[in-house]
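Atom set for the values below is all heavy atoms of this structure, side chains included, hydrogens, waters and symmetry mates excluded. Throughout, a chain's letter reflects where its sequence line sits, starting with A, and its residues are numbered from 1.
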Amino acid sequence: MADLLQGWKRTHYCAEPAQAEVGTEVLLMGWADSWRNLGSLIFIGLRDRSGVMQVTFDESSLPKDVFTLAETIRNEYVLAVKGVLCERASGMVNKNMATGQYEVRATALKILGAAETPPIYVQDDLDAAEQVRLKYRYLDLRRPCMQKNLIMRNKVTQVTHAYFEEKGFLEIETPILCKSTPEGARDYLVPSRVQPGKFYALPQSPQQFKQLLMVSGYDRYMQIARCFRDEDLRADRQPEFTQIDLEMSFVDRDDVLEVNEGFIARLLKETLNYDVKLPLPRLSWQEAMDRYGSDKPDTRYGMELCDVSEIAKACDFSVFSGAVEAGGSVRCINVKGGADQFPRKKLDELSEFAKIYRAKGLAWMGLKTDGLQCTFAKFLTGEQIAAIQQKAGAKQGDLLLFVADAKNSVVYASLGALRQEVAKRLNLIPEGMIDLLWVVDFPLLEYDEEEKRFTAMHHPFTSPMDEDIQYMDTDPARVRAKAYDMVMNGNEIGGGSIRIHSPQLQEKMFETLGFTKEEAWRRFGFLMEAFKYGTPPHGGLAYGLDRLVMLITKAQSIRDVIAFPKVQTASCLMTNAPDIVDQQQLDELSLSIQHE
RNA sequence: GGCCCGGUAGUUCAGUUGGUUAGAAUGCUAGCCUGUCACGCUAGAGGUCAGGGGUUCGAGCCCCCUCCGGGUCGCCA
C-alpha cells in the first residue's frame with residue numbers, strides 16, 4: 001500500500017515561518033481557509049492551529065498536473081503544500097493578516113482530504129445558531145477563537161500542575177464509580193450488572209476520597225478532577241465539569257488561603273500577565289451579605305446596600321414597618337445620579353426584575369431637581385425621609401431603590417441582583433479590572449423549609465469554628481464554619497473549608513443534620529471509621545476550572561471553553577447522547593423502563 | 001416544575017390587515033479572469049416556512065398542542 005504522505009513531513013506550522021527563512025523551502029499542512037482562483041493564478045489561505053499562511057499556485061511556473069489539482073481545492077480541504085517562503089512586494093502586503101508580509105509559492109501539492117461544503121463558516125465572526133455550532137462541533141472548534149479558548153484552557157492546567165508540583169502536591173486519581181451520597185446535588189447513577197438492583201454514583205467531587213488520602217498520609221493532594229451533578233444547566237453550569245481539587249494536612253485556614261493566593265496570582269500572571277496584589281482582601285459572609293446582598297460580591301464598584309430598617313420600622317408605611325416587625329428588613333441601594341436615568345417605565349422594569357428574586361415589589365425615591373419622586377412619601381414624616389436620605393448618603397439627582405421583606409434572604413437576593421443589573425445598565429463595571437477576594441466565616445448550616453431541618457451550607461464534612469461548637473445543639477443557625485470561597489469579579493471561582501477530623505465531631509454533625517446514628521454510619525461509616533485511626537487536621541479547596549477559564553478568556557458561556565459541552569436538556573447535540581439502549585443491555589442490567 | 005426569548009434556502013436574515021409563483025445577502029455549482037486577500041464579472045441550482053392539529057374561500061403570518069435551542073427562578077452539600 002502506497003503511503004499517502006510519501007515521506008512528506010511538515011516543517012512548520014502555517015503561521016510559523018519567519019524572516020530568516022525567506023527563500024527556503026517549507027512544507028505546510030492544514031485546511032483551506034479560503035480560495036481565490038484568478039484563472040492562471042490561485043490563492044489559498046492555509047490554516048492550522050497556529051494561524052493562516054497565503055499559498056500561491058502560478059500556472060506559468062508549475063507542472064500542469066499540480067496546477068490542475070490546485071484548481072479543485074475548495075474550503076476545508078486538507079492540504080500538504082511544498083513551496084518557497086517569499087516576502088510579498090510592498091503593495092501586496094496584507095496588514096490584516098499576522099503573516100501578511102509573507103506568502104508561500106507552491107511547488108508541489110497533495111490533497112490529503114476533500115471536504116463537502118461545511119454547514120457553518122470556519123471563521124471568528126460567525127453568528128450561526130449555537131444549535132448548529134454544537135451539532136457540527138468539530139467544525140466549530142476549528143474556528144481560531146475556539147482554538148484560542150482551548151489553548152488557554154491548556155495553559156491554565158499546565159500552570160496549575162507546575163505550581164502545585166512546586167509546592168509539594170501529589171496528583172492522585174480517585175474513582176469515577178462511587179457510592180451515592182444523599183446530601184447535596186442529585187447524583188448521576190450507574191447500574192451495576194453483577195449486582196442487580198444496586199447502583200454506583202458518579203462523583204459530585206472527590207471530597208471523601210481526598211480526605212481519606214489525608215488519613216493515609218499523602219499530606220498534599222491535588223487533582224484535575226471531572227465531577228458530575230444531575231441538576232439543571234445554566235450559562236456557567238454543566239452537568240459534567242472539571243475541578244482543580246486540592247487538600248492539605250497539618251494546616252489551618254490561613255495556610256490554605258496562603259497557598260491559594262499564591263496560585264491565583266501565579267495563574268493570572270502567566271495567563272493574562274495580570275499582577276494580583278496580595279494578600280487578598282477578606283470579607284465575612286455576613287458583611288458580604290449586608291454590603292452587597294451576595295456571598296459572591298462584585299466589589300469592582302460601589303452602590304452598597306444600606307439598611308434603613310431602624311427608620312422604616314417606625315413609619316406608617318405598612319410594607320416597610322411590617323417587614324421589620326416580621327423579623328425582616330428594609331434595605332436600599334443608592335444609584336448615584338440615577339434619578340433622571342430611570343423614568344417610570346424603566347423603574348417598572350426594575351421592579352419586575354426584583355420580583356424574579358421573590359421580592360414583592362420595588363419602592364423608590366428619586367431626588368429630582370423638580371422635586372421628590374417617591375412611591376411612599378405620603379406615609380413618612382419629613383424627618384423620616386431626611387433620615388433615610390442621610391443614611392443612604394443620597395444627594396440631589398440620586399435614586400434610592402428599596403426592597404422590604406419579612407425574609408432577609410429575599411431582601412439580600414433581590415437587592416444584590418438589582419445592584420448588578422443597575423451596574424450593567426449604567427456601565428459602572430470597570431473594564432479590564434480583576435477583583436479578587438475571600439469570603440470567610442460562612443454559616444455552617446442553613447434551614448431547609450421543605451425538609452424542615454438544617455442542611456450543611458457547604459458540605460457535612462466542614463468544620464464548625466471551635467468557639468461556635470457550643471451552639472450546635474442550642475442555636476445551630478448561629479454556628480459559623482471554617483469555610484471560605486474565592487470570588488473573582490462577582491463569580492465564585494473556588495471554595496473550600498477546614499474539615500472535621502474528629503470522629504466524635506463528625507458524628508455530632510450528622511446528628512445536627514438530622515441523621516440517625518445508623519443512617520450516618522450506613523452512608524458515611526467508612527469515613528468515620530477511618531477518622532478513628534489517626535487523622536491529621538486537614539482542609540482544602542476546589543476551583544471550578546471551566547468557570548475560571550471562562551473568566552480568563554472572557555467567554556460568554558461555559559460551553560465556549562469546553563470542547564464538547566452539553567445543552568440545557570443535558571444532551572449532546574453532536575452524538576445525540578443520552579439515547580435509548582438495546583433491550584439486551586437493559587436485561588443485562590436487570591432494568592426495565594416504565595413508559596407513560 | 002415556573003417565567004421570558006427564539007426556530008423561514010447550507011448559513012444569517014427580511015417577509016406589509018391573512019391574498020399571485022416565499023425574497024435578499026452570503027455560501028454552493030459552471031464559465032471567464034495573473035496579484036487576490038469580503039477578488040471581480042456572467043449564468044445557474046438551492047425551501048417539509050421546526051412538526052401536528054384548527055380557524056378561513058385562502059395561513060410563513062391568527063389559535064391550540066408538541067418538539068428543538070437560549071436566558072433565568074427554583075435547584076446546584
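- In this structure, A:Arg237 atom CZ and B:G71 atom C1' are separated by 13 Å, rounded to whole Å.
- Among B:U34, B:U11, B:C28, the nucleotide with an atom closest to any side-chain atom of A:Tyr121 is B:U11.
- For the pair A:Asp232 CG and B:G70 C1', the interatomic distance rounds to 14 Å; values are reported in whole Å.
- The pairing partner recorded for B:G58 is none, the criterion being a Watson-Crick or G-U wobble arrangement whose two distances lie under 3.5 angstrom.
- One cannot find a donor-acceptor pair under 3.5 Å joining the base of B:U34 and the side-chain atoms of A:Thr56.
- Rounded to the nearest Å, the gap between the C1' atom of B:U17 and that of B:U56 is 15 Å.
- Put simply, the side chain of A:Lys482 does not reach to within 4.5 Å of the side chain of A:Arg253, judged on heavy atoms.
- Here A:Ser557 lies out of heavy-atom contact (under 4.0 Å) with every strand.
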Between A:Arg237 and A:Glu231, does the salt bridge (Lys or Arg N to Asp or Glu O under 4.0 Å) criterion hold? Intermediate values first, please. CA-CA 9 Å; A:Arg237 253 165 43 191; A:Glu231 297 291 347; over 6 Å; no
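- As judged by a 4.0 angstrom heavy-atom cut-off over every strand, A:Ser571 is placed among residues touching the sugar-phosphate backbone only.
- Both tests hold for A:Arg74 against A:Trp35: distance to the six-membered ring centre under 6.0 Å, angle to the ring axis within 45°.
- A donor N or O paired with an acceptor N or O is found under 3.5 Å between the base of B:U36 and the side-chain atoms of A:Arg88.
- Nucleotides B:C76 and B:G6, compared at atom C1', are 26 Å apart to the nearest Å.
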If you apply the rule side-chain hydrogen bond (donor to acceptor under 3.5 Å, both in side chains), what do you find for A:Thr455 with A:Arg453, and how did you get there? CA-CA 6 Å; A:Thr455 58; A:Arg453 67 176 180 104; over 6 Å; no
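- A:Arg133 comes within 4.0 angstrom of no nucleic acid atom, judged by non-hydrogen atoms across all strands.
- For A:Trp35, taking side-chain heavy atoms from C-beta onward, the closest of the listed nucleotides B:U34, B:C28, B:G70 is B:C28.
- Under the 3.5 Å distance criterion, the side-chain polar atoms of A:Asp468 are matched with a main-chain donor or acceptor of A:Arg480.
- Taking the centre of each ring, A:Phe57 and A:Phe67 stay at or above the 6.0 Å mark.
- Whole-Å rounding puts the A:Leu573 CG to B:C68 C1' distance at 9 Å.
- For B:G71, the base has a donor-acceptor partner in the side chain of A:Gln568 [N/O atoms by modelled type, under 3.5 angstrom].
- Between B:C62 and B:U16, the two C1' atoms lie 16 Å apart (nearest whole Å).
- Nearest to the side-chain atoms of A:Met97 among the listed nucleotides B:C37, B:G69, B:G71 stands B:C37.
- Between B:G7 and B:C63, the two P atoms lie 14 Å apart (nearest whole Å).
- At a threshold of 4.5 Å between non-hydrogen side-chain atoms, the residues A:Ser329 and A:Tyr412 do not count as touching.
- The gap from the P atom of B:C5 to that of B:C41 amounts to 42 Å, rounded to the nearest Å.
- Place A:Phe461 and A:Asn94 on RNA chain B by their nearest nucleotides, and A:Asn94 ends up nearer the 5' end.
- Rounded to the nearest Å, the gap between the P atom of B:G18 and that of B:C13 is 23 Å.
- A 3.5 Å limit on both hydrogen-bonding distances identifies no Watson-Crick or G-U partner for B:U36.
- Residue side chain A:Asp127 does not reach the base of B:U12 through any donor-acceptor N/O pair under 3.5 Å, judged by distance alone.
- A:Glu116 contributes no side-chain N or O that forms a donor-acceptor pair with the base of B:G10 under 3.5 Å.
- Residue-level contact check: A:Ser60 touches the bases, meaning some heavy atom is under 4.0 Å from a base atom.
- Side-chain N/O atoms of A:Asn75 and base N/O atoms of B:G27 include no donor-acceptor pair closer than 3.5 Å.
- Here the P atom of nucleotide B:U12 and the CD atom of A:Gln123 are 12 Å apart, to the nearest Å.
- At a cut-off of 3.5 angstrom, counting only N and O atoms as typed in the model, there is no donor on one side facing an acceptor on the other between the side-chain of A:Tyr136 and the base of B:G10.
- Between B:A43 and B:A59, the distance separating the two P atoms is 36 Å to the nearest Å.
- Per the geometry, CG belonging to A:Asp58 stands 14 Å off P belonging to B:U36, to the nearest Å.
- In this structure, B:C67 and B:G7 make a Watson-Crick or G-U wobble pair, each of the two defining distances being under 3.5 angstrom.
- Base pairing of B:G44: its partner is B:C28, meeting the Watson-Crick or G-U wobble criterion (both donor-acceptor distances under 3.5 Å).
- A:Thr117 comes within 4.0 angstrom of sugar-phosphate atoms only, judged by non-hydrogen atoms across all strands, and of no base.
- In the interface, the side chain of A:Arg229 is not paired with the base of B:C76 through any donor and acceptor atom under 3.5 Å apart.
- A salt bridge is absent between A:Lys148 and A:Asp124; no separation between the charged side-chain nitrogens and carboxylate oxygens falls under 4.0 Å.
- A:Glu59 contributes no side-chain N or O that forms a donor-acceptor pair with the base of B:U34 under 3.5 Å.
- Within the shown strands, nothing qualifies as a pairing partner of B:A14 under the Watson-Crick or G-U definition with both distances less than 3.5 Å.
- Checked by distance alone, A:Arg234 brings a side-chain donor or acceptor within 3.5 Å of a matching partner on the base of B:G74.
- When rounded to the nearest whole Å, the span between NZ of A:Lys135 and P of B:A50 equals 16 Å.
- At a cut-off of 3.5 angstrom, counting only N and O atoms as typed in the model, there is no donor on one side facing an acceptor on the other between the side-chain of A:Arg36 and the base of B:C33.
- In the set B:C37, B:G35, B:G69, B:G35 carries the atom at the smallest distance from any side-chain atom of A:Leu38.
- Nucleotide B:U72 holds its P atom 8 Å from the OH atom of A:Tyr357, rounded to whole Å.
- Distance check on atom C1': B:C75 versus B:G58 gives 49 Å, rounded to whole Å.
- Contact annotation for A:Glu103: base contact, defined as any heavy-atom pair under 4.0 Å involving a base atom.
- Ranked by how close their nearest RNA chain B nucleotide is to the 5' end, A:Arg74 and A:Ser61 are led by A:Arg74.
- The side chain of A:Leu41 lies closest to B:U34 when the candidates are B:U34, B:G74, B:G27.
- The aromatic ring centres of A:Phe524 and A:Phe461 sit less than 6.0 Å apart.
- Taking atom CD on A:Gln238 and atom C1' on B:G71, their separation rounds to 15 Å, with Å as the unit.
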